[in-house]
Amino acid sequence: MYTASDLKKGLKVEIDNAPWVITEFEFCKPGKGTALYKCKLKNLATGSTMDRTYRPVDKVGKPNLEEKTVFYSYQEGDFYVFSDTETYEEIRVGRDVLEDKKYFLIENSECTILFFNDKPIDITLPTFIEKVITETEPGARGDTATNVMKPAKLDNGYELQVPLFINTGDRIKVDTRTGLYAERVTKA
Amino acid sequence: MLKELQKPDIIRFLEDLKPRFELKARLFSSIRSFFDSRGFIEVFTPLMTPAPAPEEYIEAVPAADSLFLRTSPELQMKCMLASGYDKIYQLGPCFRKDEHGRRHRQEFMMLEFYQAGIDSNALMELSAELISFCAEKIRTAQTINFSTYEVITVSDAFLKFGGITVADAIKQNVFEEILVTKIEPKLPTDKPVFLSEYPASMASLARLKKDDPQVAERWELYIRGIEIANAYCELTDAEEQKARFKASVEFRKAHGMADYPEAKNFFNALDHGLPFCSGCALGVERLLMTLTGASDISQTVYPDEYRNEQ
């Protein structure tokens, strides 16, 4: 257990059987009263946020978290199979954990899986991956403005917004943290 | 350019702090000229004490030879009041263990002033004049009208901003949480605000109101939602004061907090007789924050050398 005075920005804690990270932290002490630790927290599994205020006497759980470096192998139904880079142990991660990240998996690319109580809850992919555009309206020639966007599709069906100058067949970089277009790599 | 990049942190920090340090110096001289012109004398009591006041939520930093760094000069200044000093003020550092945040430092500058013969309302008037006088001399933040102020009772503030009665907040043990999360953010920010009439259970060293003993003659001054000062019409009843300290000592014991020796001189002075008086303790850096628009107390003090910022 952590005591309230251990709390600080970035600390990972367990509340109601879920893992959270403190994203904002403030020490308060009104008047002659008790100290208070005001926290904003983000759920490590779902991304939802909440506010909590602790007193010095409060205890906060220490989550059983583990990170493993893995590489992606293949898909099997609703599961995605990874291999531990050290032990080669196979790790199966459900579609619900990956969410949109399933579109950015590349065979043999190195990823990090976060486990809570031995269950995978989140995955970090390489920040940028390269993908080919399979469908988009033809771009206006010479229009290199990057602030006007249009819809486009990747070969795996993922839809995203790209600048007007991008054409079908172009290879682009996608930011896996946000799922957004980052830059063009090569022209078709 | 390279030289700029190579500057050690401490040099860059101090360069950035210089404009505000100049204002801080001016604030100190403004405070002194305000009190000097009103017949107060500046006093100096020791930074180290064998017997800090046993307060429920304030911890003293231990110093050498079983002494502690003072958390406040209150007990010593009250001894002076009891011996006939009727208008006194003190400017100097105080220390409170483990207090560190956007508005807290373990070491900070306290202004403490007392006047015999006045009640908490007259003290409020005096404090408002002090703030307005200092603002005139140094302020850079233009959005606050320092020539006026508003008074809100704790009871009204809880009902209006907290959606709960003070009695219920105390019963549910959420008084501080409501104050910090619901009330402080909603206090008017365009002028100084006095939060007055704290509940009797939080009287600390204040006397209870004669015509309403449910509340104490205690107020706190807020500017821009930041708590600047705490004030009492002082409790002069020696027996009542001893009983309150005893309760604090019990509370501290029950919560495993440090045990302080009895403040004998203070008790002797109370037995001798503390005159009817009121006093105020004001955080000078916090006042400087509100006058200059600083959002963090670190913008008003020498950079910490003993604590790594995370």
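Keep in mind that this is a model prediction, so the values were computed, not measured. In the text below, chain A, chain B and the rest are named by the order of the sequence lines, each starting its count at 1.
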> Looking at R55(A) and N173(B), what are the two nearest heavy atoms and their distance?
Replying inline: NH2-O, 3.0 Å

> Salt-bridged, K32(A) to E55(B), with N to O below 4.0 Å?
Replying inline: yes

> Does NZ belonging to K182(B) count more than 12 external heavy atoms closer than 6.0 Å?
Replying inline: no

> Measuring from C28(A):SG to E99(B):CD, what's the distance to the nearest 0.5 Å?
Replying inline: 11.5 Å

> Is there a salt bridge (Lys or Arg N to Asp or Glu O under 4.0 Å) between K29(A) and E176(B) once you walk through the steps?
Replying inline: CA-CA 8 Å; K29(A) 201 161 184 288; E176(B) 286 93 348; over 6 Å; no

> So does K12(A) have more than 12 non-hydrogen atoms from other groups sitting under 6.0 Å from NZ?
Replying inline: no

>> A side-chain contact here means heavy atoms from C-beta on lying under 4.5 Å apart; do T53(A) and T181(B) qualify?
In response: yes

> Distance from Y57(B) atom OH to L36(A) atom CG, nearest 0.5 Å?
Replying inline: 9.5 Å

>> Within a 6.0 Å radius of atom NZ on K119(A), are there more than 12 heavy atoms belonging to other residues, nucleotides or ligands?
In response: no

>> Counting C-beta onward and ignoring hydrogens, is there a side-chain heavy-atom pair between H100(B) and F27(A) closer than 4.5 Å?
In response: no

> Around N17(A), counting heavy atoms of other residues, nucleotides and ligands shown, do more than 12 lie under 6.0 Å from its CG?
Replying inline: no

> Which atoms of E177(B) come close to chain A, meaning under 4.5 Å heavy atom to heavy atom: side chain ones, backbone ones, both, or neither?
Replying inline: both

>> For the NZ atom on K68(A), are there more than 12 heavy atoms of other groups (residues, nucleotides or ligands in this structure) within a distance under 6.0 Å?
In response: yes

>> For the CD atom on E240(B), are there more than 12 heavy atoms of other groups (residues, nucleotides or ligands in this structure) within a distance under 6.0 Å?
In response: yes

> Quick check: are there more than 12 heavy atoms from other residues, nucleotides or ligands sitting under 6.0 Å from NZ of K242(B)?
Replying inline: yes

> For the residue pair P30(A) and E184(B), what are the closest heavy atoms and their distance?
Replying inline: CB-OE2, 4.1 Å

